[in-house]
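A, B, ... follow the sequence lines: proteins, then strands. Residue 1 opens every chain. Quantities reported herein were computed from a predicted structural model and do not represent experimental measurements.
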Amino acid sequence: MLPIIFIMPILQILILSNAATFDIKKIKMAYVDHDKSTFSRELISKFQASPYFVVTADFPASKLGLDAIQQGKAAVLLEIPTDFEKDLIKDKESSLSIQVNAINGAIAGIENSYVNQIIQKFNTNIRAKLMPVVPFGKGLKQVVVKPSFWYNQNLDYKIYMVPGIIVLLITMVTFFLSGMNIVREKEIGTLEQINVTPIKKYQFIIGKLFPFWVIGIFLLFLGMNIGRIAFNVPIVGNPAVILLFASIYILVFLGFGFFISNFTETQQQAMFIAWFFVVIFILMSGLFTPIESMPSWAQKITEYNPIRYFIEVIRMVMLKGSGFKDVLPQLTRIIIFSIVMNTLAVVSYKKVN
Amino acid sequence: MSITIQNISKSFGDTQALKNVSFNVKKNELFGLIGSDGAGKTTLFRILTTLLIADEGTATVAQYDVLANYKDIRNHVGYMPGKFSLYMDLTIQENLEFFATIFGTTVEANYDLIKDIYEQIAPFKNRKAGDLSGGMKQKLALSCALIHKPKVLFLDEPTTGVDAVSRQEFWQMLKKLQKKGITILVSTPYMDEAELCDRIALIDKGEILDIDTPMNITNKFNRKIYNVNAKETYKLITDLKNYPNSYSVFPFGEFIHYIDNNDNFNKEELITYLQEKGNENIEISQTKPTIEDVFMDLMQ
């Protein structure tokens, strides 16, 4: 069991950090060019030059293009209307049709924004070409937005994923271990032998949970070091703040696990309930989908999600360098959670039936 | 009195596990609770060891009330559950030290009490409890239950699943422990073990059928029991059951135990009847009643 506890997290950090990326590359794209003009070809060449798109086919009719989306041969279909060039020169405007396979909404949104970026660029170039003579003072005033990404300059997803994955690992290992453990004693019957001894409830609970707390803290060190060495994730802030937060955070899940095992009779039951909560907590933690994009009722629920706070704190401290005072709101919450969970655990643990 | 039980009842849902059970165990007594599986023995043990709360009735163990003074009871009783429940992944020595520590004592402090038992398993003291044989597991469990010098020892079916030699050794150990001043309440489904107790209580379906010394219990039995034997045992049983004067018939070892309704039982009449039915090699002889005979009779 012990090797599993340690090898599993290492593998998970290495695999998940490399796999869980939001970047979409090599989007399969097809086009229907009704215009066949210099402008239309220029637009298409922009897509061909982009590393995000692979132009797979061109079709003479839009019907065929839609069939290609249906068959999964293309994810994006660009349709350039007849007189695209003529309209642009004459009316200074024209329209394009873009069809995106939205079977996965998140991917479709990203693909759409990529397409728009390229068209936007094309647009500014064309306008400059079409209005070469600029009367003084009446020139095109272009607003150029130059984004600067703070705390993660290259928008490297690994830098914000790795801290989150460390949190997941610590949570799962400590939660499952504590949840399984007491139930296991119930199953083999050792709990009955313990219950007839004069051992105090708190002694038993501390004795059972302390080893898992140590394992959790060890995993934190391990995860942060793998992140630093293998993925160059910076640790800008003071690791002591993370350590302090983690040491209380782990107590929340140890108490929760113990609480579950008080109400279950078999390891299977405990596993089921533990998984139920872990899945909800992870999906609503802000790791994979931003909390800001959730509906407001879901955002309310996340306020009771301990994983959310640890992910916030570990990112704040590791990437932004936040100090103790900055994480105080999260810390207060997690202290309240740990008191509530552990009180419930102690109260619900009964030595007598 | 070491254990007093008054009008204890306990139900689990619709099944009543114990019905108005009352009896006392004297100080330094080896008391046996005899009953078949599901008779309510374990439930009673769990109530007395403060693991379960009775629906009705009161009980005391070593003068402590099971409800009000449950914490004192836990300090003064040793409990060996029917199912082996020590830590399988700890060695013999680790288990012993672990339980000694929980009771706030050391192995050395009470070594004289467990010496006889522990020495038998000492050669394997670094072996994990999960790898031990049934007999050794049982000795380890007994050592762990004794490590804090309990006043009362509860043994729930300690010899179930243990070979005949180990069973005999085990009862010798119990006798020795009794001499050291420990009150022992032991439950068993084996009737032959009942004869080794000072007093026994026969329990069935949650009710106490009789409480007395094994000797008195068999002496009280006023019916005559006959060992019957014939070539075809199964045919013999059916024929005996169909005999008009038959009171009870059940197989007992190599014989059939037969009890007649009439006190002046006519042996020749039965032989003629059985011969008419086609039984061969018929033997009939009177025998002394055993606990099992009494128990079977009381259960009817």
Side-chain angles (χ1 to χ4, degrees), chain A residues 1-7 173 176-215 257-258 261-271 345-353, chain B residues 10 12 17 42-43 45-55 61 64 66-90 95-96 98-105 129-130 137 140-145 147-148 150 152-156:
Chain A
M1 189 64 184
L2 214 57
I4 302 173
I5 296 172
F6 293 113
I7 292 170
V173 170
F176 289 155
L177 282 182
S178 67
M180 297 301 107
N181 200 275
I182 315 290
V183 180
R184 186 168 167 268
E185 295 228 8
K186 261 190 212 173
E187 277 185 359
I188 20 181
T190 44
L191 196 62
E192 180 149 312
Q193 190 83 65
I194 288 292
N195 284 348
V196 286
T197 66
I199 192 168
K200 299 262 190 313
K201 280 207 271 187
Y202 74 89
Q203 294 171 327
F204 180 70
I205 293 176
I206 291 173
K208 288 263 72 155
L209 299 187
F210 184 71
F212 303 137
W213 187 85
V214 175
I215 290 175
F258 197 97
S261 61
N262 282 339
F263 289 98
T264 46
E265 292 302 321
T266 64
Q267 295 191 56
Q268 265 180 335
Q269 292 172 350
M271 199 69 177
V346 176
V347 170
S348 64
Y349 169 55
K350 292 211 164 58
K351 285 175 79 176
V352 182
N353 285 344
Chain B
K10 176 78 190 177
F12 299 102
T42 302
T43 307
F45 271 75
R46 290 173 57 91
I47 288 171
L48 293 176
T49 50
T50 74
L51 287 172
L52 202 63
I53 293 172
D55 297 338
V61 175
Y64 301 113
V66 285
L67 282 182
N69 309 103
Y70 70 96
K71 282 185 180 161
D72 295 299
I73 291 182
R74 287 176 186 167
N75 274 314
H76 294 293
V77 303
Y79 176 41
M80 191 174 143
K83 193 179 153 200
F84 181 74
S85 46
L86 301 178
Y87 289 92
M88 302 276 194
D89 42 5
L90 294 184
N95 262 306
L96 208 55
F98 175 70
F99 281 99
T101 315
I102 284 187
F103 282 104
T105 176
K137 272 184 185 164
L140 175 60
L142 185 60
S143 304
C144 288
I147 198 65
H148 56 292
V152 184
L153 189 58
F154 291 95
L155 306 169
D156 191 8

For this session: Take B:F98 and A:I194 through the test side-chain contact (heavy atoms from CB on, under 4.5 Å) and record every step on the way to the result.
Result: CA-CA 11 Å; B:F98 175 70; A:I194 288 292; 3.6 Å; yes

Exercise. More than 12 foreign heavy atoms under 6.0 Å from NZ of B:K71: is that the case here?
Worked result: no

Problem set entry | Distance in Å, B:I102 CD1 paired with A:Q203 CD, rounded so as to fall on 0.5 Å steps | 9.0 Å

Problem set entry | Spacing of B:L51 atom CG and A:N195 atom CG [to the nearest 0.5 Å] | 6.0 Å

Exercise. At their closest point, which heavy atom of B:S85 faces which heavy atom of A:G189, and how far apart are they?
Worked result: CB-O, 3.0 Å

For this session: Taking all heavy atoms of B:K83 and all of A:E187, pick out the closest pair and write down the distance.
Result: NZ-O, 2.7 Å

Problem set entry | Pair B:Y87-A:E185, side-chain donor/acceptor within less than 3.5 Å | yes

Exercise. Given the rule in the side-chain contact (heavy atoms from CB on, under 4.5 Å) test, do B:R74 and A:T197 qualify, once you have shown the distances and angles that lead to the verdict?
Worked result: CA-CA 5 Å; B:R74 287 176 186 167; A:T197 66; over 6 Å; no

For this session: Return yes if some donor-acceptor pair links the side-chain N/O of A:Q193 with the main-chain N/O of B:A141 below 3.5 Å, else return no.
Result: no

For this session: Any chance you could lay out the side-chain contact (heavy atoms from CB on, under 4.5 Å) test for A:T190 and B:L86, step after step, and finish with the verdict?
Result: CA-CA 6 Å; A:T190 44; B:L86 301 178; 5.6 Å; no

